[in-house]
Amino acid sequence: MSGFTALLARDLRLVWRRPGDVMVVLAFFVVATVLFPLGIGPETNLLARIAAGILWCAALFAALLSLDRLFAADYEDGALDLLLLAPWPLELAALAKCLAHWIVTGLPLAVLAPFMGLLFGLSGEGLAALGLTLLVGTPALSLIGGLAAALTLGARRGGALLALLALPLCVPTLIFGAGAVEAVATGGGFLTHLAILGALALLSLATLPWAIAAALRQAGE
Amino acid sequence: MSGFTALLARDLRLVWRRPGDVMVVLAFFVVATVLFPLGIGPETNLLARIAAGILWCAALFAALLSLDRLFAADYEDGALDLLLLAPWPLELAALAKCLAHWIVTGLPLAVLAPFMGLLFGLSGEGLAALGLTLLVGTPALSLIGGLAAALTLGARRGGALLALLALPLCVPTLIFGAGAVEAVATGGGFLTHLAILGALALLSLATLPWAIAAALRQAGE
Amino acid sequence: MASLHVLANPARFRRFSQKVLPVLSGATALVLAVGLYLALVESPPDYQQGETVRIMFIHVPSAWLAMAGYALLAGLGAALLVWRHPLAALMARAAAPVGAVFAAVCLLTGSLWGRPMWGTYWVWDARLTSMLLLFFLYLGHIALSRAYDDAERGDRAAAILALVGVINLPVIKFSVDWWNTLHQPASVMKLGGPSIHPAILTPLMVMAAALLLLFVVLVMVRTETEIDRRRLDAAERAQ
Amino acid sequence: MTDLEVTGLGCRRGGRPVFRDLSFSLAKGELLALTGRNGSGKTTLLRALALLVPADAGAIHWQGADVAADREAWRRRIAWLGHLDGLKGDLTVRENVATACHLREEGTERVDAALAAFELGPLASRSVRTLSAGQRRRAALARVVAAGARLWLLDEPLNALDAPSQAALRAALGQHLATGGLAIAATHAPIDVPNARTLLMDSSPPPGGEEHEP
Amino acid sequence: MTDLEVTGLGCRRGGRPVFRDLSFSLAKGELLALTGRNGSGKTTLLRALALLVPADAGAIHWQGADVAADREAWRRRIAWLGHLDGLKGDLTVRENVATACHLREEGTERVDAALAAFELGPLASRSVRTLSAGQRRRAALARVVAAGARLWLLDEPLNALDAPSQAALRAALGQHLATGGLAIAATHAPIDVPNARTLLMDSSPPPGGEEHEP
Ligand code: HEM
Ligand SMILES: Nc1ncnc2c1ncn2[C@@H]1O[C@H](COP(=O)(O)OP(=O)(O)OP(=O)(O)O)[C@@H](O)[C@H]1O
Ligand SMILES: Nc1ncnc2c1ncn2[C@@H]1O[C@H](COP(=O)(O)OP(=O)(O)OP(=O)(O)O)[C@@H](O)[C@H]1O
Ligand SMILES: [Mg+2]
Ligand SMILES: [Mg+2]
C-alpha cells in the first residue's frame, strides 16, 4: 500500500469510527442555512433572490468549522511527527488529508445543498447549478482551509495572522460559486462560472499542497 | 484576589499574548459580511433590507468559530483539572470564562458591526440599534456557546458538533436581535426588542453557568 | 411515583416489559387498524382540500408526539442527573431517535401536503419553522449521546442538553411565532380554526391514540435492546 | 493520628471495575507511594481521592469527616499534579505558578521559594512554551509546592526529571512531610524519603485480562 | 565500522544556542544514551538527527553520505519515539501499529511480534483512548519495534513504564542491537543493555543561564 493511500484510509477510518461526525457537519449546514431566513424574515421572493449566497456561505462555514482540527489533532498527539518522518513526500500527505476532508464534507455538502435549495424556492436549473458549483468549488475550500489549519498550528504568534490572509483566498471561490447560481436565476448560463471555479480548484491543487507542506514543516520544528 | 477575577485576568492575558486570535474572528466577520454585497449585487434597497439579518448571522458564526477552544485548551493541557479543584464554585469559573470570551469577541463585534452596517446603507438609527442589540445579545451567545463547548469536550469533531448544539438555542437571540434593527428600519420602536434581548441574556445568565459547570464535571471524570 | 421507582432497575423493567409488551403491541395494532379505517374510508373528503386532508391524520398526531417526546427526554434527563436512575439513560437513548422520527414524519407529511395546498413544499411559517428547530434539537441530542467512547458520558451530556433545551423550547416557539407574524400575518395555514367537525375529530383522536401507543411500544422495545447491549458490553469487559 | 482514612473504595472506568474495596489510612508526615503495573488504577485512585472521578463504593474521611460533604474545603486541602502539567504555554513560568495560587484564592508569597526549590529562577520569565519537557515538569512541581496544601496528590512526579531535579523533589517532599504534610504519589521508581509507605495496586481483574472492545 | 557519523553539530531553539560543535559516531549494534540536565538539548538533538529541526552547523553522515542529500532514504532508516506517543485515540492498538507500518510503506508482518514483545496482545483491540499512560507508551514502543528501522531514536522511552515493561523494552533493545541495529535514547535513568555508551549533554550555556525572553 502506498503511503498516500494508507493515510487516506486512516483518516477515512477515523471518520468511519464515528459516522456521526459527518452527520454533524451536514446538520450544521442545514441549521446554518435555516438561520438566515430567521434573521432576514420569511419573504419567499427575497429568500429565493439571496439563496445562492446563503447556501454557499453556509457551505463555507461548515467546511471551515470542520477544518480547524484537520492537522491540530495530529499535532497535539504527536502523529504529525510520524507524517513528517514518513519516507515519501509531505506534499502528498497534505493532499491526502485534504482529500479525506473533501470526501467527508465537500462531497456530501454538494449532494445535500440542492435539497436545501428547495426550501428557498430555487428553480430546478438553479438547484443543478448549486450542486455542480459546490462539487467543483469545495476542493479549493478544503485546500485553502487546510493551509489555514496548517499555518495556525503551534507556537508561532504570526500563525493566526497568516490565517487571516488565508480567509480572503476563499472569496473568489465564493463569488463565482454564488454568482453561477444567480446567473441561472437571471436567465444566463453558468458554464463560464463553472469553468472559472474549476480553474480555481486546479490552481489550488497545483500550489497549495506545497504551501501546506511547508507550513507543516515549520510546525514540526 | 478572588478566584473569579484571577481566572478572568488569566484568560484575558492569554488573549493579549496572541492578539491575532481576536483579529481572525473579526476578520472572519468582515469577510463574511462583505461577501453578501459582492454576491448579491449593488441593489441598495435589497441590501439595507437584509443587512440586520446578515450582520447578526455573521456575528453569530464568528462568535461560534472562536468558541470551540474555550474549554478545549484547558482540557488538553490539564488546566481544567486545576479549575475543577479550585476551592470555589465551578459555576463562577464557567461564568468567568464566558465573560472573558465575551470581552474579546462579543464586545469588539458590537463595536465593529455598525461600521459594517454602513456598507449596507443602514440609517444612523439602524446602526445604533445594531450596535446596542449586539452589545446586549452577545452575552447570551457566549453562554450558550460555552455550554456547547463544555458538552463537546472530549468528543471528536468538536467544532461542528458544538455549532449544531448551539445554533438552535441561539435562535431567539438572533430573531430578536435582527428584528430590533428591522423594527427601526420600518419605523417601529426597538426598545421592546432590546428589553426582550436583555431578558434572554438574564435567563441565560441565571441558568447556563450551572449547566456548564455540570458539563465540565463530566469532562473531568 | 413508587411504582416508577420500582421500574428504575433495568432487570425489573425487563420483567415488566416482557409482561406488558405483547398486550400493548396487540392494542397498538388494533387501534391503528380502527384509526386507519376511520381516517381513510369512513371520514369524508374535505370540501376544500379533497382527499389530501387525510394526511392530517398522520401529520397532526406526529406533531404532538414529537413535542411530547422532547418533554419525555427532559424528564429522563432530570431523572438521570438528579436521581441517577440507570434506566433513565437507556430510555433516553431509546426515545430520542423515535421522537426525531415523529418530528421528521410531521415535517415530511406537512411538506407533502403543502405542495397541493400552498403550491410549494415549504414556506417560512412559524409553526413549520419551530418544528424544524425541534427536529434539530433532537439531532443534537442524538449526536451528542453518541459522540463519546464512554456511553455513560454521552448519556449525561445529552441529559444536560435535554434539560437546557426544554427550558428553551417555549422561548424558541415564542420567538418564532413573533418573528413570523411580523412579516407574514395569517398565512395560508388556516383550516377550520378550533371548530373542527366531529367527522374529522374522531378519526384524528383515534389515530393520535394509535400513534401514542406505537410510540410507547417502540420506546420500550428499543429500551430492551439498549439494556441487552449494555449487558453484552459489560459481559465482554468482565471476561 | 491518622488524618486521611479511605475505606472500601471502588472505582470503574468505561464500565470496567479498576479496583475494589481499597482501604488505607495516612497520618501527618507520611508519604504513600502507589506502585503497580501499568493500568492497575493508580491514576484512577488519585482522581477518585480528588473527587474528580466518582467512586462506586466506599468513603474518604479527613479527620473523621466525609470529604464529599464539604467539597470546597477538601479542595483547599489538596494540591494536584497530574499526568498533564496543567501549564499555559503562553504564560511565563512565574505567571503560571502565581495564577495557580490566585485560582486557589491564596497569596503569592510562597511562589519565589517554590521556584527556587526547583532551580527555576533563571527560567521564571521564559514562556512555558519554550521549555523542555523536564523544565515544564519542574514548573508544575513548583506550582504544587507554592499551593501550600496539606495533602499532595502526585501522578508520576519523577517523570522527565533529571537526577538533580529528582533530588530537589525529594527535598521538597521531605520538607512538606516534616512540617506535617501528607502526600500520595503514583510512581514506578522508588521515592526515597523517610516515612514512605508503599501501596501495591494489584490488578485483579488483570489489566490485560479483557477481551475485545464492543 | 561506524554507520552514523555526526560532526560539529550545532542547534538553536528560539534564537538561543542549545548545543554547539557536537560530534560522535555510532556503529552497528551500539546504543548511545543521551543524558544531561533538563533543557540540555537531548530532545533537540534527537529532532535534529531526524531532520525535524534544522541544524545551525555541522553534518550528519550515514555510511559516508550526508543524510540531508536524500531525506526520504534517511527517514526510511529511522524509527521515532517522541515525548508524545503519536497514537490515535479512536483506533485500536493494533490498528495504530499497523497504520504506522503502512505510512512507512511497509508490510505488517512484524506487528504481532511487536505487540507480543510489550504484552499488548490482550489490549490489541482496545481503542487507545481507554488506555492508561503506561499502556499507551507501550503501544508507541511496539510501533517503533514494528517499523523495522535500522536506527531507533527514542526520547525518554522509560517514561511511565512499570518495571516489567522496562525489562521488555530492554529485551527489545537488546535484540535490535544484536541484529545490527543502532539506537539513540534520551534518558534520565540508566538503560542497562550491552554496548551502551553514554553522551552527557552538558549545558554550556547552562540551561538556566539565559536571561529574559527577548
Ligand atoms: C412541513 C410542513 C409542516 C409542518 C412542519 C407542520 C407542523 C405542524 C405542527 C407542529 C402542528 C401541531 C400544532 C399544535 O397542535 O400545536 C401542526 C398541526 C396542523 N397542521 Fe401542520 N405542518 C406543516 C404543513 C401543513 C400543511 C401543508 C397543512 C395543510 C394545509 C397543515 C395542516 C395542519 C393542521 C390542520 C393542523 C392541526 C391544526 C390545529 O391543531 O388546530 N400542516 N402542523
Ligand atoms: N520551542 C522552543 N522554543 C524555544 N526554546 C526551546 C523550545 N524547545 C526547547 N527550547 C529550549 O531549548 C533547550 C533544549 O531543550 P530540549 O527539549 O532539547 O531539552 P532536553 O534535554 O530534551 O530536556 P528534558 O530532559 O527536560 O526533556 C532548553 O533550554 C529549552 O528551554
Ligand atoms: N477513559 C478511560 N476509559 C476507559 N478505561 C480507562 C480510561 N482510562 C483508564 N482506563 C482503564 O482503567 C485502568 C486503570 O487506568 P489508570 O490510568 O488508573 O492506570 P495507572 O495505574 O495510572 O496506569 P499507568 O501506570 O500506565 O499510568 C486501565 O486498565 C485503563 O485501561
Ligand atoms: Mg497513570
Ligand atoms: Mg526532552
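Keep in mind that the numbers below use all heavy atoms, side chains included, and drop hydrogens, waters and symmetry copies. Order of the sequence lines fixes the chain letters, A, B, ..., with proteins taken first and strands second; residue numbering starts at 1 for each chain. Keep in mind the model is a prediction, meaning the values are calculated, not measured.
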For this session: For each of E:R143, E:K88, E:R13, tally heavy-atom pairs with chain A at distances under 4.5 Å, and name the one with the top tally.
Result: E:K88
Exercise. Is it the backbone or the side chain of A:L80 that comes under 4.5 Å from a heavy atom of chain E, or both, or neither?
Worked result: neither
Problem set entry | Criterion salt bridge (charged side-chain N to carboxylate O under 4.0 Å, His left out) on E:D85 and E:R136, from CA distance to verdict | CA-CA 7 Å; E:D85 294 325; E:R136 283 177 209 216; 5.6 Å; no
For this session: Counting only heavy atoms closer than 4.5 Å, note whether E:R76 contacts chain A via side chain, backbone, both or neither.
Result: both
Seminar exercise, completed: So, the part of A:L7 with a heavy atom under 4.5 Å from chain E: the answer is both
Exercise. With E:L182, which of E:T2, E:L151, E:L177 fulfils side-chain contact (heavy atoms from CB on, under 4.5 Å)?
Worked result: E:L151
For this session: Go through the steps for E:E95 and E:R126 under the test salt bridge (charged side-chain N to carboxylate O under 4.0 Å, His left out), then give the verdict.
Result: CA-CA 10 Å; E:E95 283 169 345; E:R126 283 253 309 258; over 6 Å; no
Exercise. Given that the side chain runs from C-beta out, which part of E:L51 has a heavy atom under 4.5 Å from chain A: side chain, backbone, both or neither?
Worked result: neither
Exercise. Non-hydrogen atoms of chain A under 4.5 Å away: do they reach the side chain of E:L87, the backbone, both or neither?
Worked result: backbone
Problem set entry | Proximity breakdown for A:A93 and chain E, heavy-atom pairs closer than 4.5 Å | neither
For this session: Take E:R150 and E:D3 through the test salt bridge (charged side-chain N to carboxylate O under 4.0 Å, His left out) and record every step on the way to the result.
Result: CA-CA 10 Å; E:R150 282 294 302 283; E:D3 275 353; 2.8 Å; yes
For this session: List the steps and the verdict of salt bridge (charged side-chain N to carboxylate O under 4.0 Å, His left out) for E:D66 and E:R71.
Result: CA-CA 9 Å; E:D66 190 333; E:R71 284 164 179 258; over 6 Å; no
Seminar exercise, completed: Looking only at A:G78, A:P87, A:A86, the option with the highest number of non-hydrogen pairs under 4.5 Å against chain E is A:P87
Problem set entry | Parallel, tilted or perpendicular: rings of E:W152 and E:H176 (30°, 60°) | parallel
For this session: Kindly check if the number of other-residue, nucleotide or ligand heavy atoms within 6.0 Å of CD (E:Q63) is above 12?
Result: yes
For this session: Against chain A, work out which of E:P54, E:A140, E:A73 has the most heavy-atom pairs shorter than 4.5 Å and name it.
Result: E:P54
